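Structure first, then comments.
Bear in mind the structure is a predicted one, so any value in this text is a computation, not a measurement.
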Amino acid sequence: MTTTNVPQGVGQKGRFYLTKNIWVPQEPLENLNLRLSDWILQNMPKLPLAGEEALKSFPFLAELRKSHAQIKADLDYLLSHHEEIPTLHEVHPRDLYVPGRAWRTFILKIYGHEITENTAAVPDTMAAINRIPGVHTALFSILAGRAEIEPHRGSAAGVVRFHYPLIVPSEPEKCWIEIGGHHFFWEEGVPLVFDDTREHWVKNQTDETRVVLIIDFNADMPFPVNLYTGLRYALGRRSAEVKAVIDRAAIGVPPR
């Protein structure tokens, strides 16, 4: 991907606005967070984990399996409005860029804020998510065929990311994620849990769409690590930056 293909301002690090007029430089803050994440990782379960190993470490995630058919029905309804679902860079301009509309996200919850305009379209999915403790963020990630998400590291240290695959290509081994040197491909209903601050990248080498329900939930941290992760979450939750993302993400698909 060349920079000439990226719309101006997309993917660029700038200011993270805590309020309308109070800001901090985004890139140094994220770099500090990633350095701390290496220390934080020592207090988390061994990750990544897939399948039954993931459920053994995080048994409450089985709530999604119990509601698999209902969640699939919600997703079918949502995809009937697929043209209304925004791309990630439309919702969060300074985040990763994938050309065109190849990577779309339908956000249900972010930093603990439920986006009610969106959750009304997928009520059974949201009911299952609400039975999982400590959820920070929840969204449907829709990746088109032949799309690639370049290697990157998330900045949410102290948070566990859960992938629950709902639609996978007919040749699943050709649609994969690499996490810190560990290679996985998605299988419908088979969970994957990992630390988003580990470098990972995604490639869909098929012509088919892949849809994953992504949930970030709180990792129990010992003192004093919990003070840092709690402060980071509290500042992000109340920031003008997150409020702007919520406004852009709320697209108001009609209630199901």
Side-chain angles (χ1 to χ4, degrees), residues 1-14 26-27 30-31 33-34 37 47-50 54 75 78-79 82-83 85-110 136-157 159-188 190-217 245 248-249:
M1 183 182 69
T2 61
T3 54
T4 55
N5 294 328
V6 181
Q8 185 175 7
V10 171
Q12 297 178 354
K13 304 297 183 184
Q26 184 183 12
E27 190 164 11
E30 288 190 358
N31 289 339
N33 201 51
L34 289 175
S37 74
L47 299 174
L49 296 170
L75 177 60
L78 176 61
L79 292 178
H82 64 95
E83 289 301 328
I85 302 172
T87 64
L88 177 65
H89 66 266
E90 289 170 338
V91 173
H92 199 299
R94 288 205 295 273
D95 216 318
L96 292 164
Y97 176 71
V98 174
R101 289 180 53 78
W103 188 18
R104 290 172 291 144
T105 57
F106 187 72
I107 301 177
L108 306 175
K109 197 170 187 177
I110 183 167
H136 289 192
T137 297
L139 59 95
F140 286 99
S141 171
I142 305 166
L143 188 68
R146 303 299 167 186
E148 179 178 359
I149 303 172
E150 63 185 24
H152 64 284
R153 295 181 69 182
S155 60
V159 173
V160 177
R161 173 153 292 185
F162 177 56
H163 276 198
Y164 187 69
L166 294 163
I167 297 177
V168 297
S170 54
E171 295 181 279
E173 67 279 358
K174 293 184 178 180
C175 183
W176 47 261
I177 181 169
E178 189 99 6
I179 307 165
H182 299 273
H183 187 88
F184 299 92
F185 59 86
W186 293 277
E187 299 176 84
E188 183 175 337
V190 178
L192 172 63
V193 181
F194 62 100
D195 171 20
D196 185 52
T197 64
R198 302 301 88 193
E199 184 175 79
H200 54 287
W201 62 301
V202 173
K203 198 165 188 177
N204 186 352
Q205 297 173 298
T206 77
D207 294 320
E208 302 169 63
T209 298
R210 180 233 63 180
V211 182
V212 171
L213 178 61
I214 296 178
I215 297 175
D216 289 348
F217 60 93
V245 170
R248 289 189 290 261

Residue set satisfying salt bridge (Lys or Arg N to Asp or Glu O under 4.0 Å) with Arg198, at least two apart, ordered chain then number -> Asp38, Asp195
Residue set satisfying ring-ring contact (aromatic ring centres under 6.0 Å, His included) with His82, at least two apart, ordered chain then number -> none
- Query: Backbone N or O of Ala147 within a donor-acceptor pair of the Asn204 side chain at under 3.5 Å?
  - Reply: no
Between the CD1 atom in Ile85 and the CD1 atom in Ile142, the distance rounded to the nearest 0.5 Å is 4.0 Å
Trp176 meets the ring-ring contact (aromatic ring centres under 6.0 Å, His included) criterion, sequence neighbours left out, with His183, Trp201
Side-chain heavy atoms of Cys175 within contact of Phe185, under 4.5 Å: no
Output for pair (Ile215 CD1, His136 NE2), nearest 0.5 Å, gives 12.5 Å
CD1 (Ile179) and CG (Leu47) are apart, to the nearest 0.5 Å, by 9.0 Å
For Arg248, the salt bridge (Lys or Arg N to Asp or Glu O under 4.0 Å) test, sequence neighbours excluded, returns none
One should read off an interatomic distance between Phe106 CZ and Leu139 CG, to the nearest 0.5 angstrom, of 10.5 Å
By ring-ring contact (aromatic ring centres under 6.0 Å, His included), Phe162 pairs with (sequence neighbours left out) none
Worksheet entry | Arg210 vs Pro172 side-chain heavy atoms within contact, under 4.5 Å | no
Sorted by chain and number, sequence neighbours left out, salt bridge (Lys or Arg N to Asp or Glu O under 4.0 Å) with Glu199 holds for none
When you check the side-chain N and O atoms of Thr137 and Arg161, is any donor under 3.5 Å from an acceptor? no
In terms of heavy-atom contacts, Gly100 and His89 come closest through O-CE1, 3.6 Å
Here the gap from Leu108 atom CG to Leu213 atom CG, rounded to the nearest 0.5 Å, amounts to 7.0 Å
Shortest non-hydrogen pair, Ala249 vs Val91, comes out as CB-CG1, 3.8 Å
Rounded to the nearest 0.5 Å, the CG atom of Leu88 sits from the CG atom of Leu96 at a distance of 6.5 Å
Residues at least two apart in sequence or cross-chain that pass side chain to side chain contact (heavy atoms under 4.5 Å, CB included) with Asn31, listed by chain then number, are Glu27, Arg35
Side-chain heavy atoms of Val245 within contact of Ile110, under 4.5 Å
yes
Sequence neighbours excluded, the answer for side chain to side chain contact (heavy atoms under 4.5 Å, CB included) partners of Ala50 is Phe184, Leu192
Taken in chain and number order and not counting sequence neighbours, the residues that satisfy side chain to side chain contact (heavy atoms under 4.5 Å, CB included) with Arg101 are Glu83, Thr87, Glu90, Arg104
With sequence neighbours left out, the residues meeting salt bridge (Lys or Arg N to Asp or Glu O under 4.0 Å) with Glu187 are none
All heavy atoms of Glu148 vs all of Lys203, minimum pair found to be OE1-CE, 3.7 Å
Could you go through Asp196 and Asp216, starting from their C-alpha distance and side-chain angles, then the distance that decides it, and tell me whether this counts as side chain to side chain contact (heavy atoms under 4.5 Å, CB included)? CA-CA 9 Å; Asp196 185 52; Asp216 289 348; 5.6 Å; no
- Which is it for Ile177 and His163 under the side chain to side chain contact (heavy atoms under 4.5 Å, CB included) test, yes or no, and what are the steps along the way? CA-CA 11 Å; Ile177 181 169; His163 276 198; 4.1 Å; yes
Those residues at least two apart in sequence (or on a different chain) that pass ring-ring contact (aromatic ring centres under 6.0 Å, His included) with His200 are His152, Phe194
Nearest heavy-atom contact between Val160 and Val193 is CG1-CG1, 3.1 Å
Please output the side-chain donor-acceptor pairs of residues 164-171 that fall under 3.5 Å, not counting sequence neighbours, one pair per line with the distance.
residue : atom : partner : partner atom : Å
Tyr164  : OH   : His68   : ND1          : 2.6
Ser170  : OG   : Glu208  : OE2          : 2.7
Glu171  : OE2  : Lys174  : NZ           : 3.4

